[in-house]
Amino acid sequence: MSTVAAAPLDGEHALARLVAFYENLSLENLAQLGAVYAPDASFKDPFNEVQGHAAILAIFEHMFVQVNRPRFVVLECMQQQGQAFLTWEFRFHMRRFVAGEQCVRGATHVRFDAQGRVAVHRDYWDVAEELYQKLPVLGGLMRLLRRASQR
């Protein structure tokens with residue numbers, strides 16, 4: 001993974017580089033992670049809370065093992081004063097349980113360092129609605145619980 005220091009990027013270019021990284025994410029281009037994320041970057045989503053290139057890379061590698069044809073589609077983004085907020089769809093095919101393409105909708109807040117690399121990455125998405133309800137047995141239970149809570 002490349003950790004060569006790059007010239008500082010303004011917020012607009014840092015955000016464009018981040019969006020391009022996610023929308024073109026593949027096992028082959030994971031080596032670009034070092035150019036997009038600061039060496040000590042933190043990453044948090046509903047399943048993980050890690051710090052550093054190796055730990056973040058492991059999350060992406062695990063994603064490619066768990067699902068088929070994963071891809072991100074960035075829908076909207078805003079950038080201001082060294083930080084950005086993105087809304088996205090994560091599209092993939094489950095290896096088991098459910099046929100067809102699945103879609104998880106979420107949002108990400110990032111803070112950039114002085115070089116325009118991601119220093120803090122935090123994902124927000126509803127695991128119950130976006131993932132668990134789509135699984136055969138667990139999904140039925142989740143829908144039942146949701147109906148019961150709405151009474």
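If you're wondering where the values come from, they're calculated on a predicted model, not measured in any experiment.
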Problem - Student check: side-chain heavy atoms of Arg117 and Pro39 closer than 4.5 Å - result: yes
Practice task
Given ring-ring contact (aromatic ring centres under 6.0 Å, His included), test Phe90 with Tyr22 step by step and report yes or no.
Solution key: CA-CA 10 Å; Phe90 174 54; Tyr22 273 94; 9.8 Å; no
Handout entry: Residues, nucleotides or ligands: over 12 heavy atoms within 6.0 Å of His109 NE2
Key = yes
Problem - Backbone of Leu86 reached by a side-chain donor or acceptor of Thr108 within 3.5 Å - result: no
Exercise for the section: Could you check whether the rings of Tyr37 and His121 sit parallel, tilted or perpendicular, using 30° and 60° as the cut-offs? Expected result: parallel
Problem - Non-neighbouring partners of Glu49 that pass salt bridge (charged side-chain N to carboxylate O under 4.0 Å, His left out), sequence neighbours left out - result: Lys44
Problem - Neighbour count above 12 (heavy atom, 6.0 Å) for Glu101 CD - result: yes
Fill in the blank from the handout: Residues Gly106 and Trp125: closest non-hydrogen pair is CA-CB, 3.8 Å
Practice task
Please examine the side chains of Phe43 and Val118, heavy atoms only from C-beta on, and report whether any two atoms are closer than 4.5 Å.
Solution key: no
Exercise for the section: Decide yes or no for Ile59 and Phe47: does some side-chain heavy atom of the first lie under 4.5 Å from some side-chain heavy atom of the second? Expected result: no
Exercise for the section: Please check if the side chain of Glu23 supplies one atom and the backbone of Val74 the other of a donor-acceptor pair under 3.5 Å. Expected result: yes
Handout entry: Heavy-atom side-chain proximity of Leu25 to Met63 below 4.5 angstrom
Key = yes
